[in-house]
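Inspection log for the structure reproduced underneath, given as structure tokens.
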Number of protein chains: 2
Amino acid sequence: MSDPIGFQCADHGTCRTTLLARAQAHCDSLGLRLTPVRRRTLEILLVEHRALGAYDVLALLAAEGLGSQPPVAYRALDFLVKAGFAHKIEALNAYTACVHPGLDHTPAFLICRTCETVAEADTALTKGRLGDAARAAGFTIERTVVEATGLCPDCADRAA
Amino acid sequence: MSDPIGFQCADHGTCRTTLLARAQAHCDSLGLRLTPVRRRTLEILLVEHRALGAYDVLALLAAEGLGSQPPVAYRALDFLVKAGFAHKIEALNAYTACVHPGLDHTPAFLICRTCETVAEADTALTKGRLGDAARAAGFTIERTVVEATGLCPDCADRAA
DNA sequence: TTCACTATTGATATGTTATAACATCCGAAG
DNA sequence: CTTCGGATGTTATAACATATCAATAGTGAA
């Protein structure tokens with residue numbers, strides 16, 4: 001598992017620029033289209049650096065004239081999720097940018113219940129004990145959701 | 001990790017009776033009240049043996065005159081979840097009975113995307129690699145969601 | 001260029017999941 | 001018996017998500 005990333009990102013500006021450029025390159029190479037709405041949606045997720053609901057995203061898009069109805073946000077988010085640039089956090093019904101897009105990975109999330117910051121780590125859960133249990137049961141795993149809720153260091157300090 | 005339970009429960013009648021009795025005993029000993037709505041809700045989850053949405057439960061309750069408005073179902077489900085008799089499946093926004101209530105455990109679920117049957121296993125994820133990552137990041141895990149979606153043996157056979 | 005094709009966007013409506021807020025009931029403790 | 005807290009009834013609405021169909025724009029072939 002790689003180190004989780006998210007609670008101490010020193011330079012959002014750089015990671016935003018880098019990841020946007022990577023997304024653009026990825027789309028170019030696959031013939032996908034990173035349209036203005038999609039690009040801006042990804043940028044919003046990168047800048048906010050926490051889990052945002054579809055309607056949160058929609059409000060920000062709408063403020064810039066990039067669409068005002070729910071499908072606009074959901075389509076953009078679906079695209080980003082399918083392309084691997086973002087993930088859906090099921091426990092929050094919210095979305096967050098992927099910190100290492102392009103790589104095929106099974107994300108695991110550490111979600112702060114106070115500030116909603118999300119850190120992304122990797123698991124290889126299907127190779128571990130859950131995978132063993134699934135095989136024993138004859139179950140074929142296609143997708144996994146791993147989400148841990150709790151307190152991030154900053155919020156824990158603030159509470160103490 | 002215990003074996004997953006759920007894809008081959010031979011005798012629903014027995015497990016229903018047993019688990020209802022256990023829930024009753026647990027409530028008695030803790031001074032909780034397993035009221036008619038709560039008891040019936042648990043029974044519904046046990047009998048169906050798959051993930052049910054709150055409105056599915058509500059429809060069944062309503063058909064028996066046990067309330068007809070959303071809060072009825074949500075309150076009953078919240079009670080069952082808090083008491084450890086049921087779990088919420090975040091990936092489905094649905095609820096399922098716990099197969100070994102009373103024990104403090106971190107459930108992991110195998111969810112068939114076709115028949116929506118849910119098998120429950122245990123993980124000790126906080127003791128594994130995710131726990132290591134969380135500790136390294138200074139993150140305090142309070143609750144974990146582990147859900148694997150895929151195909152159960154029956155549905156896999158049927159598809160083949 | 002023009003055409004046909006496909007992906008994307010725009011717009012309206014609706015479906016689904018969940019909770020807020022407040023009134024009322026009812027049983028247990030004092 | 002009263003009072004107090006948990007449970008329920010009821011209305012309304014918030015929050016999350018998708019179906020549908022029309023309009024538009026980019027792409028490649030004739």
Side-chain angles (χ1 to χ4, degrees), chain A residues 23-24 26-42 44-45 50-83 85-96 111 113 116 145 147, chain B residues 23-24 27-28 30-42 44-45 50-83 85-96 116 145 147:
Chain A
Q24 185 67 65
H26 186 76
C27 285
D28 289 349
S29 71
L30 268 71
L32 300 173
R33 290 162 57 189
L34 194 61
T35 62
V37 177
R38 293 169 176 177
R39 185 184 177 82
R40 184 64 188 128
T41 299
L42 177 55
I44 286 168
L45 293 180
R50 62 193 172 92
L52 288 181
Y55 281 71
D56 297 330
V57 171
L58 179 58
L60 294 168
L61 290 175
E64 306 172 18
L66 283 170
S68 59
Q69 299 305 319
V72 173
Y74 282 103
R75 285 165 180 159
L77 290 167
D78 286 350
F79 172 85
L80 295 176
V81 169
K82 283 204 182 107
F85 303 145
H87 298 292
K88 178 172 186 185
I89 309 294
E90 298 289 349
L92 300 176
N93 293 319
Y95 301 81
T96 191
I111 306 158
R113 66 169 153 80
E116 295 199 344
V145 172
E147 299 170 2
Chain B
Q24 184 67 65
C27 284
D28 290 349
L30 269 72
L32 301 173
R33 290 163 58 190
L34 193 61
T35 62
V37 177
R38 292 168 176 178
R39 184 184 177 82
R40 185 63 188 128
T41 299
L42 177 54
I44 286 169
L45 293 180
R50 62 195 173 90
L52 288 182
Y55 281 73
D56 297 330
V57 171
L58 179 59
L60 294 169
L61 290 175
E64 307 172 18
L66 283 170
S68 59
Q69 299 304 320
V72 173
Y74 281 102
R75 285 165 181 162
L77 290 167
D78 285 351
F79 171 86
L80 295 175
V81 169
K82 281 201 182 112
F85 303 145
H87 298 292
K88 179 172 185 184
I89 309 294
E90 298 290 349
L92 300 176
N93 293 316
Y95 302 82
T96 190
E116 294 199 347
V145 173
E147 299 170 1

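Quick note on labels: first sequence line is chain A, next is B, and so on, each numbered from 1.
Rounded to whole Å, atom C1' of dT16(C) lies 15 Å from atom CG of Leu52(B). Between Arg40(A) atom CZ and dT9(C) atom P there is a gap of 15 Å when expressed in whole angstrom units. Protein atom CG of Leu61(B) is 13 Å distant from nucleotide atom C1' of dT8(D), rounded to whole Å. In this structure, CG of Leu58(B) is placed 11 Å from P of dG9(D), rounded to the nearest angstrom. Rounded to an integer number of Å, the gap from Leu66(B) CG to dA7(D) P is 16 Å. Residue Arg33(A) contributes atom CZ, which lies 10 Å from atom P of dA7(C) at whole-angstrom precision. For Leu32(A) and dT27(D), the CG to C1' distance is 15 Å, given to the nearest whole Å.
OP1 or OP2 of dT8(C) sits under 4.0 Å from a side-chain N or O of Arg38(A). OP1 or OP2 of dT9(C) has at least one side-chain nitrogen or oxygen of Thr35(A) nearer than 4.0 Å.
At a threshold of 4.5 Å between non-hydrogen side-chain atoms, the residues Thr41(B) and Leu77(B) count as touching. Residues Ile44(B) and Leu52(B) meet the side-chain proximity criterion, which asks for heavy atoms closer than 4.5 Å. When side chains are defined from C-beta on, Phe79(B) does not count as touching Thr35(B), because their heavy atoms never get closer than 4.5 Å. The side-chain heavy atoms of Thr96(A) and Ile111(A), taken from C-beta on, include no pair separated by under 4.5 Å. At a threshold of 4.5 Å between non-hydrogen side-chain atoms, the residues Val81(B) and Tyr95(B) count as touching. By the 4.5 Å heavy-atom criterion applied to side chains, Arg38(B) and Leu42(B) are not counted as neighbours. Side-chain contact between Tyr55(A) and Tyr74(A): present, with at least one pair of heavy atoms (C-beta onward) separated by less than 4.5 Å.
Taking five base pairs at each end of the helix from dT1(C)-dA30(D) to dG30(C)-dC1(D), the local helix axes there meet at an angle of 20°, rounded to 10°.
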(request) Do nucleotides 12-22 of chain D as a string where each nucleotide becomes B, S or -: B if the base has a protein heavy atom under 4.0 Å, S if just the sugar-phosphate does, - if no protein is that close. (result) ----BBBBB--
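Taken from CD in Glu147(A) to CD in Glu90(A), the straight-line distance is 6.0 Å, to the nearest 0.5 Å.
A distance-only check finds no donor-acceptor pair linking the side chain of Asp78(B) to the backbone of Arg75(B) [under 3.5 Å].
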